[in-house]
Amino acid sequence: PSYRPSFRVHWSLSLLGALGCLGVMFLINAIATVGAAIIVLGIYLWLQRRELQTTWGDVRRGMWMALISQGIFQVEQEDPKNWRPHILVLSGAPQKRWSLIELADGFSHNRSLMTVSSVLPSGSRDLKQQLKLEKTIRDYIQKRGVKALVRVVSADDPFDGAVRLVETYGLGPLVPNTVVMGDSEQPERREGFCNAIAEIHASRRNVVIFHENQQQGFGFRRSIDVWWGGMQSNGSLMLLLAYLLRTDINWRNARIYLKLVVADQAAAAAAKDNLNTFSQSLRIDVIPKVIVAEGRSFDEILNSSSRNADLIFLGMAQPSAKFIKYYEQLQNRVTDLPSAVFVLAAPDFAFGEVLTE
């Protein structure tokens, strides 16, 4: 995400270059060109049929294992310039919460590690049955065009199981840095849900919660509202996630609206200049919007301004003693609005550098 060139080359130029190379090959020696193509195609089809099978197994698997074992020791502490969201999706049954996996896939684009996980009640399945269920889930998501690892665990409490999974899942430095989970609207489970958020945040992971509007879903996928509060971690991470989502093919026509609320008209002019200057420096195509409160509460402004959006990004406060009450208010804030994403950035990570450097 930190690599965002300020200029773009149209795909037609690449196609023209490829056709030009092919044309030059025919001009040099048409017979040799056709012969080379037939030989290469023949070798490819032969290898596909044999699948590199030998008496000691699949050669490719050995090669990949050697690369992985060498690479795992070369991966150092995460650098902002190389940051990507390696995602752990706490999805439960994928068939019932496919939109959650779809959102996470929009963030990853098959360019980062993504794991789809489920926490089952203790004793509901033995280890052999869990492995079989993992394969069933893996086959299901692959059929729907999503590349992801799958992990199924069991626990007495689903939130305790989710926290334990976050704490233990991974290999060396390759651990999920972003946890994506669905919202829990059952009042009797809210305390456990909020405690899980606090634990995951304390483990230095980003927390992304999807509050889905069941009737609307992702709407027309053309409008993304990011409610901006500054370059603090939440704001930077929200903008990065919105940018990643818009580069997904399903969101390619979406516009990102960067919205900032100011108290009065006196502050609006300076805020507009600052927001315009900032948005131009991002190398992200965003539409800045400054909204004057004029005595209205933020909830009123949010309801009137984002009612026609397809997706809304809102930052979350860090967990505290009154976090349960705060989270209830956050849920009530978006009750009658389109689908929303609540974002809580991991502490002490410079997401601003990913945006601006």
Side-chain angles (χ1 to χ4, degrees), residues 48-49 51-53 57-58 60-65 68 72 84-172 174-186 189 192-193 196 200 205-212 214 217-218 244-245 248-250 339 341:
Q48 284 291 100
R49 291 190 64 181
E51 293 184 347
L52 294 180
Q53 295 292 334
D58 191 334
R60 291 171 299 184
R61 180 176 175 83
M63 292 169 60
W64 283 119
M65 289 301 296
I68 291 169
I72 200 75
R84 276 194 180 277
H86 298 301
I87 299 172
L88 176 65
V89 188
L90 301 173
S91 67
Q95 299 90 333
K96 295 180 180 179
R97 306 189 86 172
W98 182 253
S99 56
L100 192 63
I101 298 173
E102 192 176 6
L103 178 69
D105 185 54
F107 295 148
S108 69
H109 302 301
N110 295 328
R111 295 174 185 169
S112 55
L113 294 176
M114 174 174 157
T115 303
V116 175
S117 63
S118 297
V119 181
L120 306 175
S122 294
S124 61
R125 287 175 173 81
D126 58 27
L127 186 58
K128 183 178 179 181
Q129 291 172 321
Q130 284 184 203
L131 294 174
K132 186 177 180 180
L133 180 59
E134 284 185 359
K135 184 180 184 305
T136 301
I137 295 174
R138 190 180 302 112
D139 291 342
Y140 175 77
I141 63 177
Q142 284 179 352
K143 284 179 181 177
R144 299 199 62 170
V146 174
K147 288 185 179 180
L149 304 173
V150 177
R151 184 74 175 197
V152 176
V153 298
S154 59
D156 294 330
D157 180 83
F159 299 124
D160 289 341
V163 171
R164 191 166 71 246
L165 182 61
V166 171
E167 290 176 347
T168 60
Y169 184 71
L171 182 62
L174 285 181
V175 297
N177 57 25
T178 304
V179 178
V180 176
M181 52 203 300
D183 197 4
S184 177
E185 298 186 41
Q186 300 176 15
R189 304 183 70 179
F193 182 75
I200 294 170
R205 304 309 204 271
N206 305 308
V207 181
V208 177
I209 300 172
F210 182 45
H211 180 96
E212 183 179 13
Q214 296 291 338
F218 291 115
L244 287 171
L245 188 62
D248 182 76
I249 189 169
N250 295 317
S339 298
V341 179

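- Scanning for ring pair (Phe, Tyr, Trp, His ring centres under 6.0 Å) contacts around F159 gives F193, with sequence neighbours left out.
- Not counting sequence neighbours, the partners of I72 by the side chain to side chain contact (heavy atoms under 4.5 Å, CB included) test are L171, P173, L174.
- For Q214, the side chain to side chain contact (heavy atoms under 4.5 Å, CB included) partners two or more places apart in sequence, or in a different chain, are E212.
- Residues satisfying the side-chain hydrogen bond (donor to acceptor under 3.5 Å, both in side chains) criterion with T178, sequence neighbours excluded, are N206.
- The ring pair (Phe, Tyr, Trp, His ring centres under 6.0 Å) check on F210 picks up F218, with sequence neighbours excluded.
- Sequence neighbours left out, not one pair with a member in residues 141-157 passes salt bridge (Lys or Arg N to Asp or Glu O under 4.0 Å).
- K135 meets the salt bridge (charged side-chain N to carboxylate O under 4.0 Å, His left out) test with D139; sequence neighbours excluded.
- The OG atom of S117 sits 4.0 Å away from atom CG of L90, with the distance rounded to the nearest 0.5 Å.
- In plain terms, the two heavy atoms of V119 and A162 that are nearest each other are CG2-N, 3.9 Å.
- Partners of D248 according to the side-chain hydrogen bond (donor to acceptor under 3.5 Å, both in side chains) rule, which considers only residues two or more places apart in sequence or in another chain, are N250.
- Residue pairs that meet the salt bridge (Lys or Arg N to Asp or Glu O under 4.0 Å) test with at least one member in residues 96-120, sequence neighbours left out, are E102-R221.
- A donor-acceptor contact shorter than 3.5 Å links the side chain of H86 to the backbone of L113.
- Looking at T168 and V153, their side chains never come closer than 4.5 Å, going by heavy atoms from C-beta outward.
- The shortest non-hydrogen separation linking S91 to L100 is CA-CD2, 3.9 Å.
- Contact detail for R205 and P176: the closest heavy-atom pair is NE-O, 2.7 Å.
- Here the OH atom belonging to Y169 is positioned 7.5 Å from the CG atom belonging to L88, to the nearest 0.5 angstrom.
- With sequence neighbours left out, S184 forms a side-chain hydrogen bond (donor to acceptor under 3.5 Å, both in side chains) with no residue at all.
- The two residues S154 and P121 come nearest to each other via the heavy atoms CB-O, 4.1 Å.
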Criterion side chain to side chain contact (heavy atoms under 4.5 Å, CB included) on V146 and V116, from CA distance to verdict: CA-CA 10 Å; V146 174; V116 175; 5.6 Å; no
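- The shortest non-hydrogen separation linking S118 to A93 is OG-N, 4.2 Å.
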Residue pair V152, R125: steps toward the side chain to side chain contact (heavy atoms under 4.5 Å, CB included) verdict: CA-CA 10 Å; V152 176; R125 287 175 173 81; over 6 Å; no
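- Atom CD1 of I87 is separated from atom CG of L149 by 12.0 Å, given to the nearest 0.5 angstrom.
- Pairs engaging residues 98-154 under the ring-ring contact (aromatic ring centres under 6.0 Å, His included) rule: W98-Y140 [sequence neighbours left out].
- Inter-residue side-chain proximity for L103 and L245 is flagged as met; some heavy-atom pair is nearer than 4.5 Å.
- Residues forming a side-chain hydrogen bond (donor to acceptor under 3.5 Å, both in side chains) with D126 (at least two apart in sequence, or on another chain): none.
- Between A155 and S122, the shortest heavy-atom contact is C-OG, 2.9 Å.
- Atom OG1 of T136 sits about 7.0 Å away from atom NZ of K132, to the nearest 0.5 Å.
- Partner V179 forms a side chain to side chain contact (heavy atoms under 4.5 Å, CB included) with one of I209, V166, L165 and no other, that one being V166.
- I101 CD1 to S108 OG: the interatomic distance, rounded to the nearest 0.5 Å, is 11.0 Å.
- For the atom pair CD1 of I137 and CD of Q130, the computed distance is 10.0 Å after rounding to the nearest 0.5 Å.
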